[in-house]
Amino acid sequence: MRERLPASDVVTKYLAEHPGIERVVFHAEGLTAWDSGLINFLRNVIALCGEQGLAVDQGGLPEGARRLLRLASAVPEQVTGRHAEPPSLLHHVGQVTLELLHGAPAMIRFIGEISLAVGRLLRGKAQFRRSDLALLVQETGPQALPIVSLISFLVGLILAYMGAVQLAQFGAQIYIADLVGIGMSREIGALMTGIILAGRTGAAFAAQLGTMQVNEEIDAYRTLGISPIDFLVLPRMLALILMAPLLTLYASVVGMAAGMLVAVTAFNVDMNEYYQQTLYALSIPHFLVGLSKGLVYGILIAIAGCLRGMQCGRSASAVGEATTSAVVTSIVFIVVSASLMTILYQKLGI
Amino acid sequence: MSGETHIRVKDLTMAYGDFVIQRDLDFTIRRGDVFIIMGGSGCGKSTLLKHLIGLMVPAKGEIWFDDIDFWQAPPHRQEMLKRRFGVLFQSGALWSSMTLQENVALPLQEYTELSKREVNEIASLKLALVGLAGFEQFYPAEISGGMRKRASLARAIALDPEVLFFDEPSAGLDPISSQRLDELILEIRDSLGATVVVVTHELASIFTIGNDSVFLDNESRTIIARGDPKMLRDSSENIKVRAFLNRGKV
């Protein structure tokens, strides 16, 4: 078996060339050692003989081989409805379409359940532990600061350099402040925070809830009459609603600081001038636009992460799939909502 | 064991979509009984339990608790009924982010008016009843499988339930731990006066604790025997049931 399996093709060919054969006899007297490869070969030959209506004499086979053959045929093959062949492209397309069709109502139902839970929260009837919320706020917000700082700083740096190279041609390096300030506060701060939260927090939510699904922990809540939406989803949603705008604001400020660093050190802009220009360029609506985007991304990431976690199957691999799906769904949500909000704010003149 | 009917399952059919798992299930469970749901692997025992505890909706049929039809009851009534259940899941299903004490305390916090101190006292008492005194501040990941099962039992009895459901309580336990858990189930049944429903295929447990049972068959997809497991072992007319209960020897 370590080199190659004996093929039954030789027997097939021989039987085809000699149509008069009625009985197949095995002679294995000279056989000193054998493994599962022999059993596999014998099984194929016996099946072939069965198809052609030939008698088979297993008497010459080693006793162990005969026993294994009996064992392999003891339980008849069952029709399980599973096919070994990979599904066709058409089948695959149909399956994906059906999954999408079934997925949409599930998402709408989930959003409906969350809305009801928010209603219960506003009436003071939602069931969840305040300590869980505090812990989630800490995990979602302060613990994300290092990665948010790093990414925002680098993005601010890139933005400043990209703009500065063009602006320097006109001696307009001071407008780096406008470019970075408005860009970070309106779009990039929220977008980068959203992407970081999708990969970090959304994935964590899906993995946590998915693992709880696998371990029957969510069933345990349900049997006690405790709503998992109230107890598990609501605090996660609240944590992101609270933390996403704050992280967005923080990311914008860090990005602007990076822009200032580039302008001052590489393009000889005076620090005070840069600061004054930033104040001149920015207004409260810019920040409000950024904060509103951060808030929307936070809600969408919480929905995607929790939805995929709650929909998770009952195996370890399903947790991985749920996590991947949560990140992909979050990013799609973020990009689509970013486009829609940008168009909306442009139309509204904000 | 008063003989009074506590749970009644009428013409229950369970299915995943179009695939029927078991059909036309009809049986009653008397108050105070230890009722065993048994059958070969994959016959739908755990699925039946999920229907009984309200986690899965029947394709057809009724499940009655005393004079309440569970699936016809309004949602708030169903929630009230669920509070009368205690469930021990196959994996224990302890909430991993909480200590053992918090696990047991949560149902008490949600459904009683007790103060925090009283809740903690009761939680400690329940943990002591299952032999886990001193482990209050441990997390589920820090204790053994057998201890997790016992902690889960402590949570299941937190609200002094009327019905206790067990899904494969002996699964993954060594024979000694399994026997201790069986003894614990009987002690708790006797002291709380609860009705106990156990899904298992562990013969030792079936004969130690069960006094009534149904046998689910995965070929005919319905009940093929019911009654005292010992009686079924010795004199069931169904050869499949006798073979199952005698480890293959008929």
Side-chain angles (χ1 to χ4, degrees), chain A residues 74-76 78-82 98-99 102 113 116-117 120 124-136 138-139 204-205 207-236 239 309-310 313-316 319, chain B residues 17-19 42 46 49-57 75-99 102-111 116 140-141 148 151-152 155-159 161 163-168 171 218-219:
Chain A
V75 179
Q78 292 181 31
V79 181
T80 60
R82 292 277 168 94
L98 282 174
E99 278 170 16
H102 290 148
E113 284 179 25
L116 291 174
R120 285 193 291 275
K125 289 185 175 174
Q127 300 166 293
F128 66 87
R129 299 195 312 165
R130 303 306 183 256
S131 58
D132 283 351
L133 176 62
L135 195 67
L136 285 162
Q138 189 195 344
E139 284 173 2
F205 287 177
Q208 287 161 2
L209 298 182
T211 310
M212 292 182 82
Q213 191 74 267
V214 173
N215 292 338
E216 299 179 301
E217 292 177 43
I218 291 178
D219 286 345
Y221 281 116
R222 289 206 173 101
T223 51
L224 274 170
I226 297 172
S227 161
I229 300 288
D230 280 22
F231 214 84
L232 300 171
V233 176
L234 205 53
R236 282 168 172 77
M310 297 293 281
R314 301 274 179 175
S315 65
V319 177
Chain B
D18 295 333
F19 180 71
S46 294
L49 189 87
K50 283 184 179 169
H51 280 76
L52 292 175
I53 60 180
L55 283 180
M56 287 181 75
V57 186
H76 72 275
R77 198 80 196 270
Q78 288 182 354
E79 297 304 318
M80 294 297 287
L81 262 177
K82 282 182 185 177
R83 286 176 210 171
R84 288 156 58 182
F85 302 164
V87 184
L88 191 146
F89 289 90
Q90 192 171 351
S91 61
L94 289 168
W95 298 307
S96 48
S97 61
M98 299 183 200
T99 62
E102 286 170 335
N103 263 279
V104 183
L106 184 65
L108 296 161
Q109 284 164 353
E110 293 299 321
Y111 299 123
K116 195 177 173 189
R148 274 202 286 274
S152 186
R155 185 181 67 188
I157 60 171
L159 290 169
V163 194
L164 270 167
F165 293 96
F166 294 83
D167 188 6
E168 305 276 8
N218 48 10
E219 278 180 25

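In the text below, chain A, chain B and the rest are named by the order of the sequence lines, each starting its count at 1. What's counted below: heavy atoms across the whole structure, side chains too, no hydrogens, waters or symmetry copies.
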Chemist: Can you tell me which portion of B:Leu55 sits under 4.5 Å from chain A's heavy atoms? Options are side chain, backbone, both or neither.
Modeler: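 Only the side chain of B:Leu55 comes within 4.5 Å of chain A.
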Chemist: Output the distance between atom CD (A:Glu216) and atom NZ (B:Lys50), rounded to the nearest 0.5 Å.
Modeler: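 Interatomic distance, A:Glu216 CD to B:Lys50 NZ, rounded to 0.5 Å: 6.0 Å.
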Chemist: Side chains of A:Leu224 and B:Glu110: closer than 4.5 Å at any heavy-atom pair?
Modeler: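 No, every pair of side-chain atoms sits at 4.5 Å or beyond.
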Chemist: Quick one: list whatever passes salt bridge (charged side-chain N to carboxylate O under 4.0 Å, His left out) with B:Glu219, sequence neighbours left out.
Modeler: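 Expected list: B:Lys240.
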Chemist: In terms of heavy-atom pairs under 4.5 Å, which option from B:Pro107, B:Ser96, B:Gly86 contacts chain A the most?
Modeler: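 With the most close heavy-atom pairs to chain A, the winner is B:Ser96.
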Chemist: Pick out which of B:Phe89, B:Phe165, B:Phe85 makes a side chain to side chain contact (heavy atoms under 4.5 Å, CB included) with A:Thr223.
Modeler: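 When B:Phe89, B:Phe165, B:Phe85 are each tested with A:Thr223, the side chain to side chain contact (heavy atoms under 4.5 Å, CB included) holds only for B:Phe89.
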Chemist: Counting only heavy atoms closer than 4.5 Å, note whether B:Gln78 contacts chain A via side chain, backbone, both or neither.
Modeler: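 For B:Gln78, no heavy atom lies under 4.5 Å from chain A.
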Chemist: Spell out the residues in residues 207-215 of chain A that have some non-hydrogen atom less than 4.5 Å away from a non-hydrogen atom of chain B, in order of number; otherwise answer 'none'.
Modeler: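 The list, in residue order, reads A:Met212, A:Asn215.
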Chemist: State which residues pass ring-ring contact (aromatic ring centres under 6.0 Å, His included) with B:Phe166; sequence neighbours excluded, sorted by chain then number.
Modeler: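 ring-ring contact (aromatic ring centres under 6.0 Å, His included) list for B:Phe166, sorted by chain: empty.
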Chemist: Would you give the length of the straight line joining atom CG of B:Leu106 to atom CD of A:Gln127, rounded to the nearest 0.5 angstrom?
Modeler: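 Taking CG in B:Leu106 and CD in A:Gln127, the distance rounds to 8.5 Å.
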Chemist: In chain order, what residues pass the side chain to side chain contact (heavy atoms under 4.5 Å, CB included) check against A:Asp132, with sequence neighbours excluded?
Modeler: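 Counting only residues at least two positions away or on another chain, A:Asp132 forms a side chain to side chain contact (heavy atoms under 4.5 Å, CB included) with A:Arg129, A:Phe231.
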Chemist: Hey, does the side chain of A:Tyr221 reach the backbone of B:Trp95 with a donor-acceptor pair shorter than 3.5 angstrom?
Modeler: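 It does not hold such a pair.
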Chemist: For a quick test of reading the model, state the closest non-hydrogen atom pair linking A:Ala220 to B:Ala93 and the distance between them.
Modeler: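 Scanning both residues completely, I find the closest heavy atoms to be CB-O, 3.9 Å.
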Chemist: Kindly check if the number of other-residue, nucleotide or ligand heavy atoms within 6.0 Å of CZ (B:Arg77) is above 12?
Modeler: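 Open.
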Chemist: By a 4.5 Å heavy-atom criterion (distance strictly below it), what part of A:Ile226 contacts chain B: side chain, backbone, both, or neither?
Modeler: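 Both parts, backbone and side chain.
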Chemist: Can you tell which part of B:Leu94 gets under 4.5 Å to a heavy atom of chain A, answering side chain, backbone, both or neither?
Modeler: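 Interface part for B:Leu94: backbone (N, CA, C, O).
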